[in-house]
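Contents: one structure, followed by commentary.
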Amino acid sequence: SGRGGGGRGYGGSSYGGGYGGGGGRGGGPRRQPSAPPVTGPCTTLTNVLLADPTPNFKYHIYTVECKDRNSRNIESVGRRRHLLSLSCDKLFQEKSDKDKASLLRQIFFCGTFFFASNQIQGLEHLPCMLLDGTNNAEGETLSVIRCECLTAPTELLPKTEAELQEPKVEPDININPDTVRIENRCADCTTTFKDTNSTLMHCQATGHRPVDDITRMKSSAATFVEFAHFCNTALQRAMAERMARWGRHYIDPKSYTTPKNKRGEELGVDVFQAYSVEFNVGRPQPQGSPKLMLTVDLTAKIIRTKSLLVSLCQSRNPNTCRFTEAEQREAKRRWIGETVISKLDKKCHAIHDLIFDQSAETLMVGDLGITHAEYYIERKKCRLEYPRAAPMIAVLG
């Protein structure tokens with residue numbers, strides 16, 4: 001009936017699928033999917049890792065107030081960060097360099113407040129002014145107003161088998177009320193341990209104490225959003241300590257590959273493995289309990305190691321290289337319309353033209369009365385490596 005059978009039909013429309021799809025316009029028989037639907041359990045690799053906070057997990061939020069010499073609030077995030085750094089130097093001035101470094105790793109600046117993985121010694125009684133205006137020439141002050149202790153959301157804490165089966169469990173009368181449960185991590189530094197013996201040895205040697213279940217400060221359970229915010233702030237710091245940041249990703253600057261073509265020639269780029277990590281709270285199973293989940297994404301970051309000028313000159317000295325008319329035509333055909341990245345501002349530009357009879361020392365900049373080479377020295381504070389090289393690259397924008 002009509003023009004059935006293998007018509008062109010467009011994907012998702014009533015014509016019956018993409019090119020070669022069944023049906024066509026005349027309503028002929030549609031082609032069934034070649035692969036059967038997946039049913040039942042299956043295994044796959046995943047980039048989502050589940051995590052459980054420890055039973056005694058706590059963190060603190062310290063609210064700060066920064067004012068200038070006229071008692072006006074300081075809005076600059078960079079200035080507030082600097083004032084907090086001065087405050088920490090004053091607060092930890094009697095600590096050794098090792099202890100000071102450990103304490104600073106526990107503090108995470110967030111603008112109007114900062115996170116701390118442990119309660120900070122010297123800030124037990126608040127409000128407290130750490131900078132009174134005499135510590136810097138600008139007369140700025142910093143005060144810690146209040147502190148809030150938060151625990152992990154109760155829904156995320158690991159539960160025993162008894163708690164899962166029966167919500168209300170009577171306390172064990174055989175447990176000594178003076179018993180203290182500790183975790184294998186230090187409450188005064190950022191060190192964690194594999195076993196209890198190592199934890200106790202560390203505490204005996206340093207005078208620190210392990211994390212325990214003794215209530216020293218009133219606390220409340222954090223919301224999912226608050227807890228994820230702290231976890232991601234600490235995670236970003238940990239990644240930055242070990243890797244180099246590239247936008248929202250992290251790379252290892254010393255680990256990269258340099259691809260080559262079929263002739264064994266390098267393509268002029270380095271390829272880095274780039275990682276993006278983030279904590280969030282979700283449900284791994286539709287009817288299951290919420291869990292803290294770490295999502296790890298792997299992508300590639302590419303940096304060009306061969307400049308456009310080097311590519312054009314093909315191993316010849318750019319300052320003395322001269323192009324034949326055939327080479328000029330081929331270069332324009334190859335590069336006009338392509339996009340390049342400037343090393344200075346890291347911006348992308350579309351190539352509009354190649355000017356082979358000019359160099360940075362001869363081509364003037366508009367009505368400024370200076371050459372491009374002089375412009376880069378005076379305005380960009382950058383001296384060109386090949387100021388006498390041709391061609392000049394004309395870009396749009």
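Just so you know, these numbers come straight off a predicted model, no measurement behind them. Reckoned from all heavy atoms, side chains included, excluding hydrogens, waters and symmetry mates.
Every residue two or more places apart in sequence or in another chain that forms a side-chain contact (heavy atoms from CB on, under 4.5 Å) with Asp195 is listed here: Asn197, Ser198. Residues passing the side-chain contact (heavy atoms from CB on, under 4.5 Å) test with Leu235, sequence neighbours excluded: Asn232, Met239, Val277, Phe279, Leu294. Judged as a side-chain contact (heavy atoms from CB on, under 4.5 Å), and not counting sequence neighbours, the contacts of Thr134 are Asp132. With sequence neighbours left out, Ser85 forms a side-chain contact (heavy atoms from CB on, under 4.5 Å) with Asp89.
With contacts defined as side-chain heavy-atom distances shorter than 4.5 Å, the pair Cys186/Val211 does not qualify.
At least one donor-acceptor pair under 3.5 Å links the side chain of Thr362 to the backbone N or O of Ser359. Between the Thr206 side chain and the His202 main chain, a donor and an acceptor come within less than 3.5 Å of each other. Put simply, the side chain of Glu241 never gets that close to the backbone of Ala238: no donor and acceptor are under 3.5 Å apart. At least one donor-acceptor pair closer than 3.5 Å links the side chain of Ser311 to the backbone N or O of Ser307. For the pair Arg316 (side chain) and Pro318 (backbone), a donor-acceptor distance under 3.5 Å is absent.
Counted by atom type alone, Gln236 and Tyr250 present one or more donor-acceptor pairs between their side chains at under 3.5 Å. If you check the side chains of Asp212 and Asn56, you find no donor sitting under 3.5 Å from an acceptor.
Between Lys291 and Asp52, at least one side-chain N (NZ, or NE/NH1/NH2) sits under 4.0 Å from a carboxylate O, which counts as a salt bridge. Salt bridge present: Arg79 and Glu138 bring a charged side-chain N and a carboxylate O closer than 4.0 Å.
Results of the side-chain contact (heavy atoms from CB on, under 4.5 Å) test with Arg329 over Glu325, Lys332, Arg333, Glu327 single out Glu325 as the only residue that passes.
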Check: residues 106-131 side-chain donor-acceptor pairs under 3.5 Å, at least two apart:
from: Gln106; atom 1: OE1; to: Asn118; atom 2: ND2; distance (Å): 2.8
from: Gln106; atom 1: NE2; to: Ser102; atom 2: O; distance (Å): 3.4
from: Gln106; atom 1: NE2; to: Asp188; atom 2: O; distance (Å): 3.2
from: Asn118; atom 1: ND2; to: Ala187; atom 2: O; distance (Å): 2.9
from: Gln121; atom 1: OE1; to: Lys95; atom 2: NZ; distance (Å): 3.3
from: Glu124; atom 1: OE1; to: Gly122; atom 2: N; distance (Å): 3.0
from: Glu124; atom 1: OE2; to: Gly122; atom 2: N; distance (Å): 3.2

Return all side-chain donor-acceptor pairs below 3.5 angstrom for residues 374-392, not counting sequence neighbours, or 'none' if the list is empty.
from: Glu374; atom 1: OE1; to: Thr371; atom 2: N; distance (Å): 3.0
from: Lys381; atom 1: NZ; to: Glu378; atom 2: O; distance (Å): 3.3

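Note that OG1 of Thr295 is 4.5 Å distant from CG of Asn280, once rounded to the nearest 0.5 Å.
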- Message: side-chain hydrogen bond (donor to acceptor under 3.5 Å, both in side chains), that's the test. Do Asn184 and Lys194 meet it? Break it down for me.
- Response: CA-CA 7 Å; Asn184 293 327; Lys194 294 182 177 180; over 6 Å; no
